[in-house]
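To start, the structure under review is shown below, and the notes come after it.
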Amino acid sequence: MTAAIAARGIPVVDAERLLAVYPDIAVGCSETPGCPTALLARADGSLAVVGAVRTQPLEDTISITVRFFAPGELEPLREMTRDVSPDELGRFADDVSMIVAAVTPAPAPAPTPTPDPIPEPLPDEEPGFREPTDEELNDWRFKGLPFATQQKFITSGVPLDAWLEQARVRTGRVFLEAFGGVAFGDVWRRYDTRVAVLVTEQDDFEQLDPYTYEAFIQGPGGAGGVSAGYALAWWLELQLQGGILLGQKELTSGWEQYDDGQLIDEDTTVYAPVSGLMGSIDPRARITLLPTGPVKPYLIAGAHLRFYDGYIVPDANNPIDFADTEGGLGFGATTGAGLAFDGPEMFTGFIEVPWTYLIAPTPTIQPGEMLQTLPTQPAGSGQMLNFRLGIGVRL
């Protein structure tokens, strides 16, 4: 490509020369936001041509991406990507030289010679290069970054706010998110109650203490919610998440009637399951593992609070007053991992898998009196696993 551009009469500073003169920013310049613009300013050129070459596994081609940058512009004027075979490299280089000739401005007229030569600028006075200001170097968002990331900003020549946005650094940003997904584990609920009834000497009924069993049990459910948070540092985000869990509620009831200690009648009712909706609040921290870039893996640590309603059990006609239950509050500890995807603007997306160890409530049992037949007592797993997809905005 260098030879093809030079053949059109356009002066070219090749890659080897740039690497020798500007090793601090020329290495990997095509992959660093703002680097082509800074390199172009240092070299005092009219056009920067950068690119990347990737092999194509199992194919006899290579993928070449070339970008063309004008002075002072952070976005490329043109971008060209092609899969090229070895026989087509010459033609591809000629196509690149045609684009360079089309977008390179015409040379300015030669200036009139002056008696005194203009001295060469010192390295720290190179024309067009922007040194970071003291205010930028003391900015808390910059000072919290890793050393290698700080060096990328210093050599970029880009203002700090613009560079943080280009590099997708989250420090100091408020974010709002919404998510949906599925949950597995202790999402369903079960309540069983039984009562023994005695026939008194006055042919009346006396109801004994009831048997009750209430527990969260295993089953799949749906999950959704919203959250708000703030990035205290590039690696730490604090978040408050509110959501819902949709599982199902199971209910059984029954009674046994005794006369002179003998069982004379009994009945059991198994109700059809109904939808069970719970609310949740999750204060969480996300530990981000990369400071920059569009993809950021992260870890999760936090707490899980769930709010659930009670059971109102229909009474029998004997009459028997079955024991109802009140709602309650459960809690647990959450950990997990996820991937965040930051777009070039304010929009984000994420995939995450939180796992929750449920500490409370545990199954509650009231033994009851004089009952001969009791239902099984299914126990939960004590945990819950979620799979979530979400979107958000960074403000």
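In this text the structure is predicted, and so the values were computed from the model without any measurement.
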Checklist entry - With no hydrogens and no angle check, is any side-chain donor or acceptor of E88 less than 3.5 Å from a backbone partner on S85? => result yes
Next on the checklist: Under 6.0 Å from the ring centre and within 45 degrees of the ring axis: does the NZ or CZ of R194 meet both conditions for the six-membered ring of Y211?
Outcome noted: no
Checklist entry - So, is the end of the R306 side chain (NZ or CZ) under 6.0 Å from the ring centre of F216 and within 45° of the ring's axis? => result yes
Item to check | Within one Ile-Leu-Val-Met-Phe-Trp-Tyr cluster: I281 and I244, side-chain cutoff 4.5 Å | outcome: no
Checklist entry - Do other residues, nucleotides or ligands put more than 12 heavy atoms under 6.0 Å from R91 CZ? => result no
Checklist entry - Does R388 count as lying over the ring of F179, i.e. NZ or CZ under 6.0 Å from the six-ring centre, within 45 degrees of the axis? => result yes
Checklist entry - Looking only at atom types and distance, does a side-chain atom of K249 sit under 3.5 Å from a main-chain N or O of Y191, one as donor and one as acceptor? => result no
Next on the checklist: Applying side chain to side chain donor-acceptor pair (under 3.5 Å), can you list everything that pairs with R141, at least two apart in sequence or on another chain?
Outcome noted: D139, D161
Item to check | salt bridge (Lys or Arg N to Asp or Glu O under 4.0 Å) partners for R82, two or more places apart | outcome: D95
Checklist entry - With hydrophobic residues grouped by side-chain heavy-atom distances under 4.5 Å, do M370 and Y213 end up in a single group? => result no
Next on the checklist: Checking S227 now: which residues fulfil side chain to side chain donor-acceptor pair (under 3.5 Å) with it, not counting sequence neighbours?
Outcome noted: Q239
Checklist entry - Has the side chain of E256 got a donor or acceptor atom that lies under 3.5 Å from a matching backbone atom of T373? => result yes
